[in-house]
Amino acid sequence: MTPLRFYKREAKKSLENNWGDAAIATLVFLITTILLTLAVQGIFTLCGINHVITFTGNFKSDWASTIASLIALPLTWGFYIVFLDLCRGKKITIARIFDGYKKNEFVRIFTTFFIYYVGLIIGLILFIIPGIILSLCWCMVPFVLKDHPELKNMAALKESARIMNGHKMRLFLLILSFIGWLIIGIITLGIGFIWIDPYMMTTLAKFYEDITEGEA
């Protein structure tokens, strides 16, 4: 069985001469997401719509941010694919981040990610441990959508679960190994994530490549 440190080591090798481009790709992803949120909030404000709703107990929900997050779902997919390409020896192409908005991809990517995140949110709210297990089962969905263009929605989720059969605990431990890096990212007020995110994404892509090796 492949040791977990192998994936992180291989990720560093792929990033060795690409840290600058990886950081730029991460910045483009983050800035675009922020601009989307600001744009939707601005539209709500111009239309005189209150996008912040207060519930009981002073709990507030920003619907503009929620809508912006939905619009950004294909963007998230593109961010994953940038680092899958890197693992496969391709150069980082910033424009790749926006591939999820292509006419022939948008509906498939959007609907699958929508089901993915709604399922995770419900699972984590109602059943913490099963929700975590579900997130591990579905974590390969972005890569599945890339490698299997014929799959969408529940079929893509089921394929991810199949791929992760027998590998969930190993991936959980691999994710836990990044806790120190995540703390550094928080301490640096998020600036560190410009380099931490590419490291984590490339490591996840390496894990995917390894557990699917030999599959058609």
Side-chain angles (χ1 to χ4, degrees), residues 1-8 10-11 26 29-30 33 37 61-62 65-84 86-87 97 100 108-148 151-186 190 192-193 196-213 215:
M1 186 176 292
T2 307
L4 296 181
R5 62 180 178 275
F6 167 82
Y7 306 115
K8 299 174 82 170
E10 290 300 304
T26 304
F29 171 71
L30 294 175
T33 302
T37 302
S61 178
D62 187 340
S65 296
T66 301
I67 293 173
S69 296
L70 291 175
I71 297 173
L73 289 179
L75 191 74
T76 302
W77 177 75
F79 189 57
Y80 273 85
I81 300 314
V82 163
F83 295 99
L84 180 62
L86 179 64
C87 285
I97 297 174
R108 185 175 74 98
I109 301 302
F110 179 85
T111 55
T112 304
F113 264 72
F114 181 78
I115 295 171
Y116 173 21
Y117 282 115
V118 169
L120 289 186
I121 291 170
I122 293 174
L124 290 171
I125 290 175
L126 300 179
F127 314 101
I128 301 295
I129 301 302
I132 293 174
I133 294 174
L134 189 63
S135 69
L136 292 170
C137 286
W138 290 354
C139 65
M140 298 302 167
V141 165
F143 304 138
V144 168
L145 288 171
K146 168 64 174 63
D147 286 343
H148 301 276
L151 297 181
K152 61 180 179 180
N153 303 337
M154 293 307 299
L157 298 176
K158 289 178 180 178
E159 176 62 12
S160 177
R162 183 194 69 79
I163 291 172
M164 285 301 298
N165 186 35
H167 300 288
K168 290 185 284 295
M169 179 54 71
R170 295 181 65 237
L171 179 59
F172 181 69
L173 294 175
L174 181 61
I175 294 172
L176 283 181
S177 72
F178 280 98
I179 286 180
W181 287 107
L182 295 176
I183 292 174
I184 291 174
I186 294 171
F193 285 112
I196 296 170
D197 279 357
Y199 184 25
M200 293 182 64
M201 297 292 282
T202 308
T203 300
L204 181 62
K206 289 290 184 181
F207 185 88
Y208 169 78
E209 290 279 85
D210 182 52
I211 64 177
T212 57
E213 186 178 6
E215 293 190 1

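Note that the coordinates shown come from a computational prediction; the quantities given were computed from them, not determined experimentally.
- Listed by chain and residue number, R88 satisfy the salt bridge (charged side-chain N to carboxylate O under 4.0 Å, His left out) test with D147 (two or more places apart in sequence, or in another chain).
- Contact of the L182 side chain with the M200 side chain is registered, since non-hydrogen atoms from C-beta on lie closer than 4.5 Å.
- Atom CH2 of W181 sits about 6.5 Å away from atom OH of Y199, to the nearest 0.5 Å.
- Residues forming a ring-ring contact (aromatic ring centres under 6.0 Å, His included) with F79 (at least two apart in sequence, or on another chain): F29, F83.
- Between the CG atom in L4 and the CZ atom in F172 there is a gap of 12.5 Å [rounded to 0.5 Å].
- Of the N and O atoms on the side chains of T2 and D210, at least one donor lies less than 3.5 Å from an acceptor on the other residue.
- For K152 against L145, the heavy-atom pair with the smallest separation is CA-CD2, 4.4 Å.
- Side-chain contact between I211 and M164: present, with at least one pair of heavy atoms (C-beta onward) separated by less than 4.5 Å.
- Side chains of I175 and L204 form no contact here, defined as non-hydrogen atoms less than 4.5 Å apart.
- The structure places OH of Y208 at 13.5 Å from OH of Y80, a figure rounded to the nearest 0.5 Å.
- The OG1 atom of T111 sits 3.5 Å away from atom CG of N153, with the distance rounded to the nearest 0.5 Å.
- F110 has its side chain within reach of L70: a pair of non-hydrogen atoms, C-beta onward, lies under 4.5 Å apart.
- Within the model, atoms CG of L171 and CZ of F207 stand 5.0 Å from one another, a figure rounded to the nearest 0.5 Å.
- Using a 4.0 Å cut-off between charged nitrogen and carboxylate oxygen, R162 and E159 count as a salt-bridge pair.
- The nearest pair of heavy atoms linking P142 to C139 is CD-O, 3.5 Å.
- The two residues V141 and L157 come nearest to each other via the heavy atoms CG2-CD2, 3.4 Å.
- In this structure the side chain of Y117 reaches within 4.5 angstrom of the side chain of T76, judged on heavy atoms.
- Among pairs with a residue in residues 165-177, those fulfilling side-chain hydrogen bond (donor to acceptor under 3.5 Å, both in side chains) read Y7-R170, K8-S177, at least two apart in sequence or across chains.
- The shortest heavy-atom contact between C87 and T202 is SG-O, 3.5 Å.
- No donor-acceptor pair closer than 3.5 Å links the side chain of S160 to the backbone N or O of A156.
- How far CD1 of I163 is from OG1 of T212: 6.0 Å, rounded to the nearest 0.5 Å.
- Smallest separation of non-hydrogen atoms from L134 and G119: CD2-O, 3.8 Å.
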